[in-house]
Structures are given as structure tokens and as C-alpha cells.
Amino acid sequence: MNQLIVNWDADKFRKMDNSKDSLQFYKKVFILAFPIALQSLITIGVNMLDTMMVGSLGDDPLSATSLANSFISVFQILCMGLGMGASVLVSRYWGMKKVADNEQTEKEASRALKQTVCLMIRLNVFLAALFALATLIIPGIIMRTYTEEEQIISLGVTYFRYSVLTYLFVGLSLVVTIVLRSVGQVLYPLVVSIAAFSVNLTMNYILIFGKFGAPKMGVAGAALGTLIARIVECTLILGYLFIYDKKIHFRVNDLLMKTRSLLKEYIRISIPVLISDGILAVGTNSVAMVIGHLGGTFVAANAITSVTQQLSTVVISGVSQAGAIVTGITLGEGSREKTMTQGYQFFRLGLLLGGLSAAFIFLFSNLIIGFYDNVSAETAETAKYLMDAICLIIVFQGTNSIMTKGVLRGGGDTAMLMLTDNIFLWILAIPLGIIAGFYLKLPPFWIYICLKSDQIVKTIWAFLRLRSGKWIKKISTGNDK
């Protein structure tokens with residue numbers, strides 16, 4: 001086993017795709033990743049339509065909603081970290097439960113699974129309260145961290161006013177969806193997303209433009225429409241978890257269960273993911289601040305390209321989450337060597353999907369930019385430069401996303417990922433972006449490359465970490481004597 005980890009058998013790696021096990025692997029990944037990717041596509045489609053609707057009002061409303069959502073996205077990233085941290089434990093316990101050879105082991109795994117979900121929900125509600133309070137009390141201060149343009153700040157404050165309650169509903173929807181996926185339940189969250197998409201699209205159209213007798217609310221309408229959709233989504237997801245789910249079997253009264261026996265293990269594995277994604281969210285937000293201070297044109301252009309980048313990486317996002325789930329379940333079943341083999345397969349898959357995403361952006365960038373016919377010519381030109389930069393970065397971003405947010409995280413290597421993710425961002429990417437944008441005054445293409453340079457370095461590191469085998473960590477149920 002040590003020989004497999006230290007001296008990678010390249011011939012075996014090249015022949016993986018010809019084996020029956022490999023075909024089963026790709027089938028399992030597809031079954032998990034496709035519904036997740038489709039759900040992400042629907043979410044991104046909503047964001048893209050929102051951007052287009054608000055963009056039709058002009059550059060300032062588009063910039064204001066984009067920057068306000070940069071702050072809201074910090075919360076969403078934290079929720080993703082909270083959910084994915086819990087997912088590492090949930091998928092491992094689910095694997096243990098499936099192969100348990102006695103009733104006591106199965107009972108311990110089942111209880112640990114429920115305790116993980118309980119701790120996750122409690123933390124999520126606390127986090128939502130903090131963000132809602134900040135949005136309610138200091139919306140102007142938050143907007144001024146992104147831009148100095150008063151008109152954009154004013155519109156952003158309006159958007160925030162209608163978004164205060166959104167945190168609770170979007171947070172619970174996100175984390176519960178992630179844990180449902182961790183035990184293989186990927187279809188129901190997809191159905192819920194389709195319903196939320198329909199509600200969001202309809203309400204945004206009515207409230208932004210004042211259709212069917214409703215007042216024309218503009219930016220405020222976009223925020224209110226999103227809130228209504230999130231309420232519907234959260235109600236359906238929680239209703240399923242508390243009433244119908246038979247795998248986790250978590251019920252409302254389980255919210256009061258004692259969790260002390262698992263707390264240490266939860267903190268060791270899950271909290272580093274939350275901290276990592278939290279610091280990463282602040283770092284990503286710092287990138288947004290750098291962009292915000294480069295002017296309204298750059299901000300609007302970045303809003304256009306951000307949606308496009310998300311659209312091109314939906315499959316990568318799905319495979320990334322599938323990577324964490326598959327890795328966790330396989331390790332829970334006790335198969336370390338199989339986990340190593342799957343890790344290399346995921347790396348290859350990342351390179352392939354990153355290349356396909358780059359091709360997608362290259363072929364369709366002009367068409368997508370053309371949809372935003374009300375933005376200025378300067379904004380459209382800047383967006384094209386950014387699209388070209390994304391074509392290069394996306395290959396590396398796709399690969400390291402599948403490895404760091406998927407395989408390595410699923411193996412329990414959360415503390416090391418907490419360090420490396422943020423070291424590369426804060427020591428490399430952000431300083432280079434600031435130097436390129438404010439001191440060297442480089443073109444948009446090179447500013448963006450500098451701001452995303454951490455993606456290149458992380459890809460190399462992820463492969464080296466995979467080869468070492470040190471990313472596979474032991475996880476207990478918290479009931480060990």
C-alpha cells in the first residue's frame with residue numbers, strides 16, 4: 001500500500017479506463033454529478049436572467065446588485081463550507097452504516113450522522129443571524145467597502161433592505177441540500193431547484209418591471225423576487241428532510257439531541273472547512289473590492305463574465321461535490337487503495353472538464369456579451385478581455401476545484417486545505433492583483449490573470465498532495481471508548 005502511495009504506478013493509471021471498476025466509477029460519478037450540475041445550471045440560469053433583467057435598467061443598477069451580491073455570496077460561501085464540512089462526515093458515516101456488520105456499529109454510525117446534521121443546522125442559523133444583523137444595521141458601510149460611487153451605494157442599500165431575511169432561507173436550503181446529496185439523494189433537490197427557478201423568474205419579471213398591476217420596483221424587485229423564491233425552496237427542502245427522508249431519518253425533535261460526543265470530531269474535520277471557506281470568502285471578496293475600485297466599467301464587465309464562468313463550470317461543480325461524496329463513502333467502506341485509484345481518475349477528469357469549459361467560453365463569449373445590449377461599449381470590450389483571461393484560468397481552476405473541494409476534502413484533509421487555500425490567495429493572488437491594477441495599470445486581461453494566479457499554483461500542489469497519500473485521514477463516530 002505504501003508503495004502505491006509513494007511510487008505512483010503510471011502504467012496502472014493509464015489503463016484505469018479499460019477496467020470494469022473504472023466504468024463503474026464513471027457511472028457512479030455521473031449519477032451523482034449530473035443532477036448536481038443540472039441544479040447548479042438552474043441556479044446560475046436564475047442569476048444570469050437576474051443580471052440581464054437588472055442590466056436592462058443600466059450600468060449602475062447592474063453594478064449595485066452585483067456588488068451587494070458579492071457580500072451575500074460571502075454568506076453563501078460560508079454555508080457551502082459548513083455544508084461541505086458536514087458532508088465529509090455524513091458521507092463517511094453513511095459508508096460505515098452501509099457496511100456495518102453488527103447492530104451496534106450501525107447504531108453508532110446512524111447517531112453520528114444525525115449529530116452532524118444537528119450541529120450543522122445550529123451553526124447555520126447562528127451564521128444567518130449575524131449576516132442579517134449586519135445587512136440591517138450597516139448596509140451603507142458594507143457597500144462603501146466595494147465602491148465610492150454614491151449612486152451605486154444608494155441602489156445597493158435598497159437591494160440589501162429587501163435581502164435581510166434571505167440569509168436564513170438560502171442558508172438552510174444550501175446546507176440541507178448538501179447533506180441529502182451526501183447520502184445519494186440528488187434528484188429531489190433538483191426538482192426543488194426547478195420550482196424555485198420558476199418562482200424566481202416569475203416574481204423578478206413582475207416586480208422589477210411592474211407587470212400585472214404590481215409596482216415597478218427595479219433593484220428592490222430583484223431582491224424581493226429572490227427572497228420569495230428562497231422561502232419556497234427552503235420550505236420544500238426542510239419539509240423533505242423532516243418528514244419524508246428515510247436515509248438520514250432526521251426529524252424536528254432531533255434538533256434538540258445531545259451532540260457533545262461528536263463535537264470534538266466535528267470541530268476537527270468540519271470547522272476547518274468553514275474557516276477555510278470563510279477566509280477564502282473574505283479573500284474572494286477582497287478581489288471584488290479591488291475590482292470595485294477599478295471603476296464601474298470593470299465591475300459591470302466582471303458581473304457579465306462571472307455568470308458566464310459559473311455557467312461553464314457547472315459540470316465541474318457537480319463532479320467536485322461527487323468527488324467528496326464518493327471519496328467519503330469509499331473510505332467509510334474501508335477501501336483505501338480504491339480511494340487512491342479514484343483520486344487519480346478525478347484528477348484526469350478535472351483536466352478534461354477544465355479544457356472543455358475553456359472551449360465553451362472561447363466559442364460563446366461574444367454571443368453572451370451581445371445579450372447585454374444596454375451596457376456601454378467600453379463595458380462590453382472589457383468583458384471580452386476578461387473572457388479571454390478566463391479561458392486560460394478555467395483549466396487550472398476546474399482541476400484544483402475537483403481535487404481540493406472534492407477528493408482531498410472527502411479524504412478528511414481539511415486542516416491542510418484550510419492552510420494552503422488561503423496562503424496561495426493572500427500571499428500570491430491578491431497582492432499581484434493590487435500591484436497589477438493600481439500600480440502597474442495593466443490591461444484587464446493581465447489584472448484578472450494576476451487575481452486568479454492562485455488557481456495555477458493550487459493545481460500543482462493538489463497533484464503532489466494526491467500522490468503523497470497523506471490526505472487520507474481516519475474519522476471516528478465520536479463514540480469510541
Side-chain angles (χ1 to χ4, degrees), residues 39 42-77 79 124-125 127-143 146-147 151-174 177 192-239 299-300 303 306-307 310 372 374:
Q39 187 176 356
I42 291 169
T43 301
I44 292 164
V46 171
N47 293 339
M48 192 169 184
L49 287 171
D50 284 356
T51 303
M52 289 178 179
M53 288 182 190
V54 176
S56 69
L57 302 175
D59 282 4
D60 283 351
L62 176 59
S63 296
T65 54
S66 173
L67 293 177
N69 276 310
S70 292
F71 180 74
I72 295 174
S73 71
V74 173
F75 172 74
Q76 292 177 308
I77 291 171
C79 289
N124 185 260
V125 172
L127 196 62
L130 288 181
F131 272 79
L133 198 61
T135 302
L136 185 65
I137 296 174
I138 53 169
I141 294 174
I142 294 171
M143 284 301 300
Y146 296 102
T147 182
Q151 179 61 22
I152 295 177
I153 292 171
S154 177
L155 290 169
V157 169
T158 300
Y159 190 90
F160 275 144
R161 189 179 304 128
Y162 288 87
S163 300
V164 173
L165 294 177
T166 301
Y167 297 106
L168 176 64
F169 298 107
V170 71
L172 288 173
S173 297
L174 273 172
T177 292
V192 172
S193 282
I194 293 173
F197 166 81
S198 302
V199 173
N200 201 357
L201 178 61
T202 302
M203 296 310 300
N204 276 10
Y205 177 72
I206 292 172
L207 297 173
I208 291 174
F209 302 111
K211 302 297 183 179
F212 306 110
K216 184 177 180 180
M217 299 177 67
V219 168
L224 185 57
T226 299
L227 172 60
I228 294 170
R230 293 302 189 185
I231 292 173
V232 172
E233 181 181 41
C234 185
T235 301
L236 293 174
I237 286 289
L238 288 183
V299 172
S306 293
V307 174
Q310 291 172 10
Y372 298 85
N374 278 357

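Numbering of residues begins at 1 and proceeds along the displayed sequence. Computed over heavy atoms, backbone and side chain alike; hydrogens, waters and symmetry mates excluded.
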- Message: Rounded to the nearest 0.5 Å, what separates atom OG in S66 from atom OH in Y146?
- Response: 10.0 Å

- Query: Taking only residues two or more places apart in sequence, or in another chain, which ones meet M203 in a side chain to side chain contact (heavy atoms under 4.5 Å, CB included)?
  - Reply: V199, L207, I228

- Is it true that a side-chain atom of S198 and a backbone atom of I194 form a donor plus acceptor pair closer than 3.5 Å? yes

- What's the spacing between T135 OG1 and I72 CD1 if we round to 0.5 Å? 6.5 Å

- Between atom CZ of F160 and atom OG1 of T65, what is the distance when rounded to the nearest 0.5 Å? 11.0 Å

- Find the distance between CG (L136) and OG (S163) and round it off to the nearest 0.5 Å. 11.5 Å

- Residues forming a side chain to side chain donor-acceptor pair (under 3.5 Å) with N69, sequence neighbours excluded: Y159

- Item | By side chain to side chain contact (heavy atoms under 4.5 Å, CB included) - contacts of I231 (at least two apart) | F169, L227, T235

- Note on the structure: Shortest non-hydrogen pair, S173 vs C234, comes out as OG-CA, 3.1 Å

- Message: Any non-hydrogen side-chain atom of L172 less than 4.5 Å from a side-chain atom of I237?
- Response: no

- Closest approach of A64 and L155, non-hydrogen atoms and distance? CB-CB, 3.5 Å

- Note on the structure: Sorted by chain and number, sequence neighbours left out, ring-ring contact (aromatic ring centres under 6.0 Å, His included) with F131 holds for F71, F75, Y167

- Least distance between heavy atoms, S63 atom then I152 atom: CB-CD1, 3.8 Å

- Message: To the closest 0.5 Å, what do you measure between CG (L224) and CG (N204)?
- Response: 9.0 Å

- Query: Looking at A195 and L236, what are the two nearest heavy atoms and their distance?
  - Reply: CB-CD1, 4.3 Å

- Qualifying residues under side chain to side chain contact (heavy atoms under 4.5 Å, CB included), relative to K211, sequence neighbours excluded: Y205, F209

- Between A222 and V54, the two heavy atoms sitting closest are CB-CG2, 4.0 Å

- Would you check if L174 and E233 make a side-chain contact, meaning some heavy-atom pair closer than 4.5 Å? no

- Note on the structure: When every non-hydrogen atom of A68 is compared with those of G156, the smallest separation belongs to CB-O, 4.3 Å

- Without swapping roles, check the side chain of S73 against the backbone of S70 for a donor-acceptor pair under 3.5 Å. yes

